[in-house]
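Step one of this worksheet: look at the structure below.
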Amino acid sequence: MNVSTSPSTMWALSLTFSLSFMLASSVTYKPVIFMHGIFSDGKSGEKLLGWIKEAHPGTETLSIAMYEHLDSLKNMNEQVHDVGIQMMNFMKKHPEGINIICYSQGGLVCRGVLEQLEHNVHTFISLSVPQAGQFGDTDFVKYVFPQFLRDNVYRIAYTKEGQEISVGNYWNDPHHQDLYRNASQFLAVINNDTYNARSEEYRNNFLRLKQLVMIGGPNDGVITPWQSSHFGFYDKKLNIVEMKDQAWYKEDRFGLQTLDKRGALVTRVVPHVFHFDWHSNKTICDIYILPFLT
Ligand SMILES: *[C@@H]1O[C@H](CO)[C@@H](O)[C@H](O)[C@H]1NC(C)=O
Ligand SMILES: *[C@@H]1O[C@H](CO)[C@@H](O)[C@H](O)[C@H]1NC(C)=O
Ligand SMILES: *[C@@H]1O[C@H](CO)[C@@H](O)[C@H](O)[C@H]1NC(C)=O
């Protein structure tokens, strides 16, 4: 085959090349923070952040390496405070706004930050996060409260000592809602299920978000009920009450309904993913995460 490259073809090729180069380099991606889950660490985010940089060259990233391993069991408000300082420092360097991906318990730390601080987070990707709380005998709960079965965890979770443990802070026992509202120093506060003098401020901060993407699914195996990853939860009879039928949604107590009405709420139900695989599954990254990171 004889390929002739006339000067005009060459010229056209180089013009196309420089144009596409200019287009490509004019795309800038917002910086991304990853926040890890319980018993885990900052390193656990490296694979996902690597894929993101491959697909979106030039993305600046930060994986939060605080409250790692057993320290992840510490009080949630303490975690929100310290992680919030690190996140805000990163945001100050990026006044154009950032995106955050927060996994499992880390997603509750992130929601605390989003409600308590004047952040500039554009998109919050909530990756299998017990947003409405946890009520299940999963291995990690057994590890934290070994001698208790699900229906008895409240006896320790809703005490002063239990509230020093992260899981106690978002333990949501449908049979003991009065105790939960009285004792929960974290989940009940950020959901405005209990008195919070700063509830208006929390709502206004939360509404600085441009988009909330909630990813979770029925084969998760840890988040219980799994619908908690989409703000659904059990009623007293252990039937699922979806987000839109929850009191705090209907009364818009922390801004979720307003976000939804703005078209800023994205829900993705993804089957066949086990809890510990969400952040290390490339398909999840390609289909459910990358399209939202612009
Ligand atoms: C509410 O919690 C406080 C301590 O935080 C406790 O003294 C009080 O007895 C609790 N009330 C109920 C009704 O559980
Ligand atoms: C939070 O709940 C209280 C009542 O429990 C209510 O007075 C207050 O307006 C709520 N805050 C927001 C932001 O809706
Ligand atoms: C990865 O995610 C896809 C869904 O997008 C799922 O079908 C598949 O089973 C997952 N693989 C693993 C190892 O979790």
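In this chain, numbering begins with 1 at the start of the sequence shown.
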Does either side chain, that of [X] or that of [Y], offer a donor lying less than 3.5 Å from an acceptor on the other one?
| X | Y | value |
| --- | --- | --- |
| K250 | Q246 | no |
| T258 | R203 | yes |
| Y234 | N239 | no |
| Q105 | S166 | yes |

[atom1]/[X] to [atom2]/[Y] distance, rounded to the nearest 0.5 angstrom?
| X | Y | atom1 | atom2 | result |
| --- | --- | --- | --- | --- |
| H36 | E46 | NE2 | CD | 12.0 Å |
| L212 | F206 | CG | CZ | 5.5 Å |
| K43 | L49 | NZ | CG | 14.0 Å |
| T123 | I289 | OG1 | CD1 | 12.0 Å |
| I64 | E68 | CD1 | CD | 10.0 Å |
| L48 | S280 | CG | OG | 9.0 Å |

Is any side-chain heavy atom of [X] closer than 4.5 Å to a side-chain heavy atom of [Y]?
| X | Y | value |
| --- | --- | --- |
| I215 | V270 | yes |
| F186 | E78 | no |
| Q257 | Y249 | yes |
| T61 | K53 | yes |
| D71 | M66 | no |
| S126 | V213 | no |
| F274 | D220 | no |
| L62 | E60 | no |

Residue E251 excluded, over 12 heavy atoms near CD under 6.0 Å: yes
In terms of relative ring orientation, are H175 and F135 parallel, tilted or perpendicular, with 30° and 60° separating the classes? perpendicular
Is the ring pair F231/F254 parallel, tilted or perpendicular, if the boundaries are 30 and 60 degrees? tilted
Show the numbers, then the answer: is there a side chain to side chain contact (heavy atoms under 4.5 Å, CB included) between L265 and M243? CA-CA 12 Å; L265 218 54; M243 174 185 78; 3.6 Å; yes
Does the side chain to side chain contact (heavy atoms under 4.5 Å, CB included) test come out yes or no for L117 and V80, once each step is laid out? CA-CA 10 Å; L117 301 171; V80 169; over 6 Å; no
Verify same cluster id: [X], [Y] (apolar side-chain graph, 4.5 Å):
| X | Y | value |
| --- | --- | --- |
| I101 | M88 | yes |
| I125 | I287 | yes |
| I33 | I52 | yes |
| L238 | V241 | no |
| V266 | L290 | yes |

Donor-acceptor contact below 3.5 Å, side chain [X] vs main chain [Y]:
| X | Y | result |
| --- | --- | --- |
| T224 | V222 | yes |
| N172 | A132 | yes |
| S44 | D41 | yes |
| K244 | E242 | no |
| R208 | N120 | no |
| N219 | H272 | yes |
| Q79 | S72 | yes |

Please report the shortest heavy-atom distance between [X] and [Y], naming the atom on each side.
| X | Y | answer |
| --- | --- | --- |
| I223 | S228 | CG2-CB, 4.0 Å |
| R268 | F292 | NH2-CZ, 4.0 Å |
| G216 | W278 | C-CH2, 3.6 Å |
| L209 | H119 | N-CE1, 3.7 Å |
| T294 | P291 | CG2-O, 4.1 Å |
| P271 | P218 | CA-CD, 4.1 Å |

All pairs passing side-chain hydrogen bond (donor to acceptor under 3.5 Å, both in side chains) where residues 84-104 contributes a residue, at least two apart: S104-H275
Pairwise disulfide (SG to SG under 2.5 Å) hits with a residue in residues 200-240, at least two apart: none
Give the C-alpha distance, both sets of side-chain angles, the deciding distance and a yes or no for side chain to side chain contact (heavy atoms under 4.5 Å, CB included) between D173 and Y180. CA-CA 7 Å; D173 187 327; Y180 158 77; 5.9 Å; no
Run the side-chain hydrogen bond (donor to acceptor under 3.5 Å, both in side chains) check on N169 and Q163 step by step: do they pass? CA-CA 5 Å; N169 292 147; Q163 288 299 304; 2.9 Å; yes
Per-pair distances, 0.1 Å, donor-acceptor, side chain in residues 109-116, under 3.5 Å, sequence neighbours excluded:
from : atom 1 : to   : atom 2 : distance (Å)
R111 : NE     : Q131 : OE1    : 2.7
R111 : NH1    : E115 : OE2    : 3.1
R111 : NH1    : N191 : OD1    : 3.0
R111 : NH2    : Q131 : O      : 3.0
R111 : NH2    : N191 : OD1    : 2.9
Q116 : NE2    : Y202 : OH     : 3.4

Please step through side chain to side chain contact (heavy atoms under 4.5 Å, CB included) for the pair D260 and R262, ending with a clear verdict. CA-CA 5 Å; D260 196 17; R262 247 191 228 163; over 6 Å; no
Criterion ring pair (Phe, Tyr, Trp, His ring centres under 6.0 Å) on H176 and Y154, from CA distance to verdict: CA-CA 8 Å; H176 298 280; Y154 79 94; 3.6 Å; yes
Do NZ/NE/NH1/NH2 and the carboxylate oxygens of R253 and D193 come within less than 4.0 Å? yes
